[in-house]
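Throughout, a chain's letter reflects where its sequence line sits, starting with A, and its residues are numbered from 1. Small disclaimer: the values here were computed from a predicted structure and weren't measured.
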Amino acid sequence: MLITCPYCGPRDVIEFTYQGDGNRERPDPASQNFEAWNAYVYDRLNPAGDHNEIWQHSGGCRAHLRVVRNTLTHEISSVAFVRGDHTSIARRKAEGKS
Amino acid sequence: MMAEYSAFSLLANALKGNKDWKPAWRKPDPKASYDVIIIGGGGHGLATAYYLAKEHGITNVAVLEKGWLGSGNVGRNTTAVRSNYLLPANTRFYEHSMKLWENLSHELNYNVMFSQRGCLNLAHTPAQFDDYARRGNAMRHLGVDAELMTPAQIKRLIPALDISDSARFPVIGGLMQRRAGTARHDAVAWGYARGADRRGVDIIENCEVTGFLRDGDRVTGVSTSRGDIRAKKVAVAVAGSTGRVMQLAGIETMPIESHVLQAFVTESLKPFIDTVVTFGMGHFYMSQSDKGGLVYGGDLDGYNSYAQRGNLPIVDEVMSEMLALFPGLARVRMLRSWGGVCDMSMDGSPIITTGPLPGMYLNCGWCYGGFKATPASGWCFAWTIAKDQPHDFNAPFTLDRFHRGLVIDDKGQGATPRLH
């Protein structure tokens with residue numbers, strides 16, 4: 001299985017760390033909504049078909065990626081940076097950030 | 001009930017040209033309604049049907065299987081049976097299973113080839129050995145057999161194992177459960193299927209559930225590829241497919257991820273290892289089948305999958321781990337590999353419960369460990385369906401335990417769908 005990292009290009013799955021269901025929302029750290037915390041920690045969407053999931057390119061650029069992958073075929077239909085606001089080093093440099 | 005298979009029936013049928021054997025189960029068409037529908041014709045579903053009929057006298061039961069009987073995990077596992085857990089809830093449940101295993105061939109009148117050849121967990125660090133001593137003591141406290149072994153004893157038991165100081169991860173001891181072992185996995189499915197069938201259960205193959213019939217919240221039956229079937233009680237025992245089946249009932253999220261686990265078998269060898277051995281510094285387990293092939297596996301591929309096939313990094317990892325323990329196997333050829341879809345729960349323990357909807361019963365979350373649980377899973381699930389409440393053995397295995405802070409986390413690792 002190859003994942004095409006937007007920064008590094010196509011790389012073997014062995015370079016990536018899987019972080020699971022990308023639909024979960026982490027509650028505000030100060031939140032005392034136990035149901036929301038329980039759902040965040042334990043509950044998962046587990047579809048047979050397209051799955052929105054998070055991977056980290058831990059053996060490469062270390063970026064966190066949002067991947068849409070079909071769990072029946074392992075086919076990957078999209079890969080994007082999780083946070084669009086620092087999509088590349090080039091852009092950060094262009095904006096004068098280190 | 002007179003034994004259908006015996007030395008006498010073997011001889012009598014041999015003399016008559018083997019023309020009079022009955023198929024082990026019928027191929028009935030589905031009826032319009034049943035008392036109980038069990039979704040999933042794997043080991044757990046078939047065992048549930050068998051114990052419903054035998055222990056509770058409920059025989060108006062259908063088992064619905066989308067493919068052929070035993071086409072899922074009951075025929076894809078590495079056949080190990082053990083009850084070497086740390087926490088009492090797990091130990092009691094798996095020990096109940098072990099006791100059912102010990103009489104299963106006799107009970108089913110079907111040779112499941114249960115072989116109590118032992119299961120040895122290797123320790124490679126003093127801390128790990130201490131941990132095994134703790135687990136062994138916990139087991140013995142609850143009446144389960146466990147013994148610590150020294151490297152010299154281990155070498156006598158498994159001569160091919162590299163226990164030298166120059167091994168990549170030297171073996172410093174191990175935890176042995178002698179009553180653990182292996183069984184012939186297909187025979188377990190076939191034996192339960194025949195036992196259920198002969199008591200009147202309809203086993204309906206090639207019948208995929210496509211939806212649930214509802215009366216408000218209550219589940220009143222299922223839609224299938226062979227028409228609608230109504231039932232007073234609908235039981236779900238679909239292992240790796242739990243997520244997709246529960247979505248059909250409108251339940252989107254579960255404390256479960258489906259992952260692919262690969263397994264491997266080598267060409268046949270002469271007797272090489274007569275126990276089940278597990279590696280403590282990675283994740284690897286191996287035994288030798290009666291045909292002579294080494295049957296082994298390791299870790300999950302590590303991402304959600306319903307594909308029943310895996311990728312190469314895990315193949316490489318498993319082979320490396322095998323050679324770290326058994327350098328002498330370097331030139332043995334791998335014959336086959338395959339994948340099964342595991343329903344990985346967030347605490348590594350199963351779920352056998354009433355609900356989550358009225359009229360529904362749920363059996364899932366088996367992680368890697370479903371095969372050894374087959375008899376007790378069916379026994380407890382049948383009890384839960386028949387009496388609308390759990391037996392003491394499965395009372396801790398609720399679905400809501402995750403939200404109530406009552407997780408059964410045998411490894412003490414916290415919430416992750418990678419435990420077993």
Review point. L312(B) versus M1(A): any side-chain heavy-atom pair under 4.5 Å?
Key: no
Study note, to complete from the structure: By ring pair (Phe, Tyr, Trp, His ring centres under 6.0 Å), Y306(B) pairs with (sequence neighbours left out) none
Check your understanding: Do you know which of G243(B), S258(B), S345(B), G414(B) has the most heavy-atom pairs under 4.5 Å to chain A?
Key -> S258(B)
Study note, to complete from the structure: Looking only at M346(B), R244(B), H403(B), most heavy-atom pairs under 4.5 Å shared with chain A are made by H403(B)
Point to revise | Flag if over 12 foreign heavy atoms under 6.0 Å of CZ, R226(B) | key: yes
**Study point:** Y42(A) and its side-chain contact (heavy atoms from CB on, under 4.5 Å) partner, picked from V407(B), T253(B), I256(B), D347(B)
**Key:** V407(B)
Check your understanding: Heavy atoms, side chains only, cut-off 4.5 Å: are W55(A) and Y303(B) in contact?
Key -> yes
**Study point:** Test applied, side-chain contact (heavy atoms from CB on, under 4.5 Å); reference residue, N46(A); option that passes from D343(B), N304(B), T242(B)
**Key:** N304(B)
Practice item. Specify which of P313(B), S241(B), S305(B) makes the most heavy-atom pairs with chain A at under 4.5 Å. Key: S305(B)
Check your understanding: For W37(A), is it the side chain, the backbone, both or neither that has a heavy atom under 4.5 Å from a heavy atom of chain B?
Key -> neither
Check your understanding: Only one of N23(A), D43(A), L45(A) clears side-chain contact (heavy atoms from CB on, under 4.5 Å) with E252(B); which?
Key -> L45(A)
Check your understanding: Which pairs with one or both residues in residues 405-418 of chain B pass side-chain hydrogen bond (donor to acceptor under 3.5 Å, both in side chains), sequence neighbours excluded?
Key -> N90(B)-D410(B)
**Study point:** Contact summary for G20(A) and E257(B), nearest pair of heavy atoms
**Key:** CA-OE2, 4.2 Å
